[in-house]
Amino acid sequence: MSTNTASALSAAASLLRQARRIVCLTGSGVSAESGVATFRNVENGLWARFDPQRLATQEGFAANPGLVWQWYMHRLDAVEQAQPNPGHSALAELEHRLPVFTLVTQNVDDLHERSGSRHVLHLHGRINRFHCNVCGFDHDLRSSERRATAPPRCIACGGAVRPSVVWFGEPLPHRLLDKAWQASERCDLFLVVGTSGLVYPAAQLPLLAQQHGAPIIDINPEVTPLSEQAEIHLAGRSGALLPRLLELLGKET
Ligand code: APR
């Protein structure tokens, strides 16, 4: 069902009220209203303006580590200047209110945590964390290193330090993916917010939940492959629709 009418919102709120174990998967759309760029928007998406092969792969980092480093430091600055929006806050409130709520994100920003979400599974890593690309040693950065035109050197092995994000062609952190997978198999409702659902294995999670009998609610101004699969697609911005869902949830309990 694809609509943003009051009846669909109320249907979504009643599914939320009945559910006992919820998984929510977010994508960059949940941070769009905070001014953080999404990836595939044809006008202002990152991949519409930058080449992912040159900036988000091991090969790109090997070919031009300085370019990749500076690009991520630029994105990190944008994330740090951004503020969580009402969509982030509503998800933190849902985590607080609902018995079991697992928040899985593809986002590398920390806006979920800054809005109060506690247990966020970052499947694609975190842009404000760093490790050595060779030995894996974790690094805290001095601000001068962030301003540098080349990645800092690892204090353990001398290798290049990189942001702890998952690049194309790299495996996801398997402990986190296992947790997300198991939660999706066991949940009784799956909420998808602000993702195009084009990147796997993250996009597999709602389908896995559906195969195990859980309905999907999808929140996205556009219709995506996941919207087509969802029991309810709420066509609109998460910063507007999630607080409304919370309101409806609150009102009728
Ligand atoms: N509220 C809800 N959804 C929104 C909003 C909003 N305010 N604004 C945009 N969207 C939707 C878009 O319609 C689009 O479907 O968010 C989605 C963003 O999709 P992508 O740009 O493809 O980003 P995402 O799904 O997060 O990408 C997945 O791809 O590039 C890799 O690792 C990167 O984690 C990323 C992964």
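Start at 1 and go down the list; that is how both ligands and their atoms are numbered.
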Any idea which atoms of ligand 1 are less than 4.0 Å away from a heavy-atom of [X]?
X	result
E33	1 (N), 6 (C), 7 (N)
P221	2 (C), 3 (N), 4 (C), 5 (C), 10 (N)
F168	30 (O), 31 (C)
G27	26 (O)
E222	13 (O)
A32	8 (N)
T38	21 (O)

Do [X] and ligand 1 have an N or O pair less than 3.5 Å apart?
X	value
N41	no
R237	no
T224	no
V199	no
N107	no

Practice prompt. Using a strict 4.0 Å threshold on nitrogen-to-oxygen distance, state whether D77 and R146 make a salt bridge.
Written response: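 Yes.
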Discussion item. Taking the basic N atoms (NZ, or NE/NH1/NH2) and the acidic carboxylate oxygens, is any pair closer than 4.0 Å for R40 and E222?
Written reply: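 The answer is no: the pair does not qualify as a salt bridge.
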Is it possible for you to say whether [X] and [Y] belong to one hydrophobic cluster, with membership spreading through side-chain heavy-atom contacts below 4.5 Å?
X	Y	result
I219	L205	no
V23	L172	yes
L246	L98	yes

Fill in: Residue of the set H88, H112, Q106 for which side chain to side chain donor-acceptor pair (under 3.5 Å) holds with T26
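For T26, the side chain to side chain donor-acceptor pair (under 3.5 Å) test succeeds with only one of H88, H112, Q106, which is H112.
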Worksheet item: Between R54 and W71, is NZ or CZ placed under 6.0 angstrom from the six-membered ring centre and within 45° of the ring axis?
Response: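 Geometry flag: not set, cation outside 6.0 Å or 45°.
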Can you pull out the closest protein heavy atom to [atom]? Residue, atom name and distance to 0.1 Å, please.
atom	value
atom 15 (O) of ligand 1	N220 ND2, 2.8 Å
atom 10 (N) of ligand 1	G29 CA, 3.6 Å
atom 1 (N) of ligand 1	S238 N, 2.9 Å
atom 30 (O) of ligand 1	W47 NE1, 2.7 Å
atom 18 (C) of ligand 1	S28 OG, 3.6 Å
atom 32 (O) of ligand 1	H124 ND1, 3.3 Å
atom 31 (C) of ligand 1	R40 NH2, 3.5 Å
atom 35 (C) of ligand 1	F39 CE1, 3.6 Å

Discussion item. Rounded to the nearest 0.5 Å, what separates atom CZ in F190 from atom OG1 in T102?
Written reply: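 Output value for this atom pair is 9.5 Å.
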Worksheet item: What is the distance from atom CG of L103 to atom CG of L121, rounded to the nearest 0.5 Å?
Response: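 Reported value, rounded in 0.5 Å steps: 7.5 Å.
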Worksheet item: Does G239 reach ligand 1, in the sense of a heavy atom lying below 4.0 Å from it?
Response: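 No; G239 lies far enough from ligand 1 that no heavy-atom distance drops under 4.0 Å.
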Discussion item. Does only the side chain of W167 get under 4.0 Å from ligand 1, or the backbone, or both, or neither? Count heavy atoms.
Written reply: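 Contact part for W167 vs ligand 1: neither.
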Practice prompt. Say whether Q58 and N133, considering side chains only, have a donor N or O and an acceptor N or O under 3.5 Å apart.
Written response: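 Side chains of Q58 and N133: pair found under 3.5 Å.
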Worksheet entry | Distance-only donor-acceptor check, side chains S227 and N220, under 3.5 Å |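 No, no side-chain donor-acceptor contact under 3.5 Å.
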Worksheet item: Parallel, tilted or perpendicular for W69 and F130, by the 30°/60° rule?
Response: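 Correct class here is tilted.
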Worksheet item: Looking at side-chain heavy atoms only, is the closest gap between H139 and P152 below 4.5 Å?
Response: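 They are not in contact (no side-chain heavy atoms under 4.5 Å apart), so the answer is no.
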